[in-house]
Undergrad: 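Have a look at the structure that comes next, please.
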Amino acid sequence: MKNTATDFDVLIVGAGISGIGMAAHMKEKAPDHSFVIVERRESLGGTWDLFRYPGIRSDSDMHTLGFDFEPWRHEKSIADGPSILEYLERIVDERKIRDHIRLEHKVLAADWRESDARWHVTLETGEGERKHLTANWLYLGSGYYDYDEPYDPGFDLGGFEGQVLHPQFWPDDLDYSNKEVVVVGSGATAVTIVPSMADKAAKVTMLQRTPTWMFSRPAKDALANFLRKILPEKLAYRLTRWKNITMQDFAFKMARNKPEKVKEGLHKRIRKSMGEDYDLAPFTPPYNPWDQRLCLVPDDDLFQAMKNGKAEVVTGHIKAFEKGGVRLKDDRFLPADIVVTATGLKLAVAGKIALSKEGQPIDLAQHFYYKGCMFSNVPNLAVVFGYLNASWTLRADINSDFICRVLNETRKQGVDVAEPILTPQAEAAIEEDDIFDFSSGYIQRSKHIMPRNAVAYPWRLNQEYVLDRKRMKQDPVDDGLLQFRRHGANAKFADQQLEAAE
C-alpha cells in the first residue's frame with residue numbers, strides 16, 4: 001500500500017490497542033482487504049502514549065489486556081506503560097503494520113454515501129491541512145474518552161499558589177522531590193500515582209470524597225511464569241489467559257451475588273498488609289464491590305507507602321484551595337505544593353467525529369448496539385467499547401474477528417454494504433436495558449451520549465465475555481438481521497424479509 005493512497009476498504013481510526021488489534025486481525029483473517037490507520041497523535045500507542053504520569057501501568061493483567069494472538073512475555077503481568085508500548089511497537093513491526101499508519105491525522109467528519117458505498121472522511125493534519133479519504137468501512141478504535149479535555153469538577157483554584165496538574169496532561173519536567181503533594185481522587189489513576197510519587201515527594205496525600213474498593217495482588221503471575229518455562233510460549237499464554245478470564249468472570253459474579261463475602265475478602269487482604277488493628281474506614285465504600293470498578297494495588301505498593309509514612313489516605317469534602325494547601329469542610333488543612341486533580345475522565349463517543357449519512361447527522365445515542373460492535377441502521381460502521389467488568393482488549397479482539405468475518409462475507413456474496421436493520425416494528429417491541437448500571441461518576445455523567453441497549457441480544461453491548469466470544473465466533477454472520485446488499489439497492493425487500501424472519 002502506498003502511503004499516498006486515498007481510497008481503502010477499511011479506515012481504522014486510532015493507533016492504540018483497538019486500532020492495532022484490528023489491523024493485525026485483518027492481516028491474518030481478511031488479507032485481501034486494504035486498510036489504513038489514522039492517528040491524531042504524533043506517535044502510536046493511544047492511552048499508553050498519551051498518559052505520562054508517574055507509575056502509569058495497566059489495571060488489568062496483560063494476559064487479558066494483551067491480544068489473543070500475541071503472547072505477553074514479560075515477567076510482570078501488571079505492566080507499566082513503557083512495557084505495553086514496547087509490546088504494541090513489536091506487533092506493528094513484526095506484522096508490517098507500520099507502513100499502514102498515518103500519524104497526525106485527526107478525523108473531523110465522516111459522511112456515508114450510498115451512491116458509492118463509501119465513507120467520505122475529512123481529516124486535519126498536524127500542520128492544519130485538510131485532507132479527504134474514502135473507505136468502504138469505518139472502524140472506530142478511538143477509545144472512549146475525550147483526548148482534548150478531562151472531566152472538570154469545577155474547583156475554584158484561585159487561592160492556591162502552587163502547581164496544579166491533571167494526569168492527562170503531565171509535564172515531562174516536573175520536579176516533585178521533597179514536595180507536599182495532594183492527589184484529589186481515589187480511582188485507578190490516583191491509586192497508581194500516589195505510591196509512585198511517594199518515593200521522591202516529602203509526602204503524598206490521596207484525598208477522596210468517597211472510598212474505593214481496593215484489590216491487592218502480586219504484579220507477577222507465578223503460574224504464568226512457571227508455565228512459560230515448561231510449555232511452548234503460545235500454549236502457556238492461552239492457558240494463563242483462560243485461567244484469568246475464568247477468575248475475572250467468577251469474581252465479578254461473586255461480587256454481584258454475594259457482595260458481603262467479597263467485601264470480607266477484600267478487607268482481609270488490606271488487613272494482611274496494614275495490620276489486624278488497621279481502621280478500614282478509608283477503604284470501605286458505601287456501595288458494593290463492582291458497582292464501580294475495583295482498584296488494583298499491585299504488590300501492596302500503596303499500602304507499603306502508607307506504612308512507611310510517605311503516603312496517607314484522607315476522606316473529606318473540599319471547602320477551598322488556599323495558599324499552601326487544601327482546606328476541608330471539617331476545617332482540616334492538607335499542606336500542598338502540588339495538587340493533582342485525578343478526578344476522572346470525560347467520555348466521548350466515536351472519537352467526537354461528526355458522523356453523518358447522506359449529509360444528515362447520525363446521533364448514535366438514538367441507535368441500538370448490534371452485537372456490541374455495530375449500530376442499528378448504520379451501514380459499514382464498527383466500534384470498540386471495551387468491557388466494564390473485564391479487560392478492554394477482550395472486546396477489541398472479538399469485535400475485530402467478527403468484522404473480518406463480515407468483510408469476508410461481503411466479498412463472498414459480491415456485495416459492499418452490511419447494515420444491521422432494525423425495523424420500526426421491531427424497535428417498538430424492544431425492552432431497553434441500562435447496562436451502564438455502574439455508579440462510577442464518569443459513567444453516570446455520560447449516559448446521555450451512549451448508544452441504546454436492549455435487554456435481549458443482539459441489540460446490546462453485552463457484558464459476558466465468554467458468551468460473547470462464542471456467539472461472535474460461531475453464530476452465522478448472515479443472521480437475518482445484518483443485511484447484505486450492493487450499494488444503491490432498494491432495501492425495502494430486505495426489510496420485509498426481516499419482519500417475516502422475526
Undergrad: Carefully, step by step, assess S43 and D49 under the rule side-chain hydrogen bond (donor to acceptor under 3.5 Å, both in side chains).
TA: CA-CA 7 Å; S43 52; D49 179 68; 2.7 Å; yes
Undergrad: Give, for atom CG of L108 and atom NZ of K352, the distance between the pair rounded to the nearest 0.5 Å.
TA: 11.0 Å
Undergrad: Please work out which of the three classes, parallel, tilted or perpendicular, describes the rings of Y369 and F375, given edges at 30° and 60°.
TA: tilted
Undergrad: Apply side chain to side chain contact (heavy atoms under 4.5 Å, CB included) to D291 and R256, showing your working.
TA: CA-CA 8 Å; D291 282 355; R256 288 298 167 98; 4.1 Å; yes
Undergrad: Hey, are the side chains of P451 and L461 touching, using non-hydrogen atoms and a 4.5 Å cut-off?
TA: no
Undergrad: Salt bridge or not between E86 and R90? Use side-chain N to carboxylate O under 4.0 Å.
TA: yes
Undergrad: Would you mind checking if K96 and D93 are paired as a salt bridge, meaning a charged N to carboxylate O distance below 4.0 Å?
TA: no
Undergrad: Is it true that R471 and E464 make a salt bridge, defined as a side-chain N closer than 4.0 Å to a carboxylate O?
TA: no
Undergrad: For G21, does its backbone N or O pair with a side-chain atom of D397 as donor and acceptor, under 3.5 Å?
TA: no
Undergrad: Should the pair R485-E114 be classified as a salt bridge under the 4.0 Å nitrogen-to-oxygen rule?
TA: yes
Undergrad: Measure the acute angle between the ring planes of W459 and Y370, then classify it against the limits of 30° and 60° as parallel, tilted or perpendicular.
TA: tilted
Undergrad: One thing to verify: whether R98 and E89 come together as a salt bridge, which I'm taking to mean a side-chain N less than 4.0 angstrom from a carboxylate O.
TA: yes
Undergrad: Relative to each other, are the rings of F35 and H100 parallel, tilted or perpendicular (30° and 60° limits)?
TA: parallel
Undergrad: I would like to know whether T134 and D116 meet side chain to side chain contact (heavy atoms under 4.5 Å, CB included); could you show each step before the answer?
TA: CA-CA 10 Å; T134 62; D116 58 358; 5.8 Å; no
Undergrad: Decide yes or no on side chain to side chain contact (heavy atoms under 4.5 Å, CB included) for T64 and I245, but give the supporting numbers first.
TA: CA-CA 7 Å; T64 57; I245 288 168; 3.7 Å; yes
Undergrad: Hey, does S18 have a side-chain heavy atom less than 4.5 Å from the side chain of W392?
TA: yes
Undergrad: With a sphere of 6.0 Å drawn around NZ of K258, does it hold more than 12 non-hydrogen atoms of other residues, nucleotides or ligands?
TA: no
Undergrad: Identify which one of T125, V121, V107 satisfies the side chain to side chain contact (heavy atoms under 4.5 Å, CB included) criterion when paired with V38.
TA: V107
Undergrad: I'd like to know if D9 pairs up with R411 as an ion pair, taking the criterion as any Lys NZ or Arg NE/NH1/NH2 lying under 4.0 Å from an Asp or Glu carboxylate oxygen.
TA: yes
Undergrad: Judged by atom type as modelled, is there a donor-acceptor pair below 3.5 Å linking the side chain of D61 to the main-chain atoms of S77?
TA: no
Undergrad: Going from CG on L140 to CG on L11, what distance comes out if it is rounded to the nearest 0.5 angstrom?
TA: 9.0 Å
Undergrad: Salt-bridge test for E75 and K220: reply yes if a basic N is under 4.0 Å from a carboxylate O, no otherwise.
TA: yes
Undergrad: Between R469 and D401, does a salt bridge (charged side-chain N to carboxylate O under 4.0 Å, His left out) hold up when you go through it step by step?
TA: CA-CA 10 Å; R469 180 184 61 185; D401 180 76; over 6 Å; no
Undergrad: Is it true that atom CD of E42 has more than 12 heavy atoms of other residues, nucleotides or ligands lying nearer than 6.0 Å?
TA: yes
Undergrad: I'd like to know if the side chain of T423 and the backbone of A426 have a donor-acceptor N/O pair within less than 3.5 Å.
TA: yes
Undergrad: Under 30°, 30 to 60°, or over 60°: which ring-plane class applies to Y465 and Y387, parallel, tilted or perpendicular?
TA: perpendicular
Undergrad: I'd like to check Y237 versus R73 (side-chain heavy atoms, cut-off strictly below 4.5 Å). Are they in contact?
TA: no
Undergrad: The test is side chain to side chain contact (heavy atoms under 4.5 Å, CB included); show your working for I362 and V378 and say whether it passes.
TA: CA-CA 8 Å; I362 297 172; V378 181; 4.2 Å; yes
Undergrad: Any carboxylate oxygen within less than 4.0 angstrom of a Lys/Arg side-chain nitrogen, looking at D111 and K357?
TA: no
Undergrad: N389 side chain to Q463 main-chain N or O, any donor-acceptor pair under 3.5 Å?
TA: yes
Undergrad: List the steps and the verdict of salt bridge (charged side-chain N to carboxylate O under 4.0 Å, His left out) for K412 and D478.
TA: CA-CA 11 Å; K412 175 184 171 184; D478 194 351; over 6 Å; no
Undergrad: In terms of the angle between their ring planes, are H166 and F169 parallel, tilted or perpendicular, with boundaries placed at 30° and 60°?
TA: tilted
Undergrad: With rounding to the nearest 0.5 Å, note down the distance linking CD in Q413 to CZ in R486.
TA: 11.5 Å
Undergrad: Which pairs, with at least one residue in residues 113-137 and sequence neighbours excluded, count as a ring-ring contact (aromatic ring centres under 6.0 Å, His included)?
TA: W112-W119
Undergrad: May I ask you to say whether R40 pairs ionically with D148, meaning some side-chain N is under 4.0 Å from a carboxylate O?
TA: yes
Undergrad: Given F67 and H25, is the ring pair (Phe, Tyr, Trp, His ring centres under 6.0 Å) satisfied, shown in steps?
TA: CA-CA 10 Å; F67 297 108; H25 278 274; 7.4 Å; no
Undergrad: After noting the C-alpha distance and the side-chain angles of D479 and K371, does the key distance pass the salt bridge (charged side-chain N to carboxylate O under 4.0 Å, His left out) rule?
TA: CA-CA 12 Å; D479 61 357; K371 295 189 175 180; 3.5 Å; yes
